[in-house]
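Since the model is a prediction, treat every value here as computed from it, not as a measurement.
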Amino acid sequence: MNISDEILTALEKTESATVSDIADKTGFSKMKVSAAMHHIISAGKAFHIGEVPISKSREVNLYSAKARKVQRLNFEKQSWLSPLMQ
């Protein structure tokens, strides 16, 4: 099993994780995990699903092995007034 496979396996065992979380679970350095995540994402095996704040001024990327589902709002027609009419 190569590094990318081990990282993907660790990611699949959780709903979402940061590079730091994955590094802690696998024992790989954050640099190796970060580089492998770029490869895994470009292969379509994992997804960037958002950011998580770690301080008042810093956020880190959040990853998942499952794609985030898009929330659809069923408006008949949207206009610039739509937010005002709720």
Point-to-point distance, once rounded to the nearest 0.5 Å, from NZ of K66 to CD of E12: 8.5 Å
How would you list, by chain and number, every residue that makes a side-chain contact (heavy atoms from CB on, under 4.5 Å) with S55, sequence neighbours excluded? S57, R58
Value for NZ (K25) from OG1 (T9), rounded to nearest 0.5 Å, stands at 12.0 Å
Among K30, H38, M31, which residue meets the side chain to side chain contact (heavy atoms under 4.5 Å, CB included) test with S34? H38
Taken to the nearest 0.5 Å, the spacing of T26 OG1 from E6 CD works out to 7.5 Å
Cluster partners of V19, using ILVMFWY side-chain heavy atoms under 4.5 angstrom, listed by chain and number? I3, I7, L8, L11, I22, F28, V33, M37, I40, I41, Y63
Please check: side-chain N/O of T14 versus main-chain N/O of A17, any donor-acceptor pairing under 3.5 Å? no
Please name the pair of heavy atoms, one in S42 and one in H39, separated by the smallest distance, quoted to 0.1 Å. OG-O, 2.9 Å
For I49, check side-chain contact (heavy atoms from CB on, under 4.5 Å) against everything at least two apart and list the hits. S16, F47, L62, S64, R68
Heavy atoms of other groups near E51 CD, more than 12 under 6.0 Å: yes
Taking every non-hydrogen atom, the tightest pair across A36 and S4: CB-OG, 4.0 Å
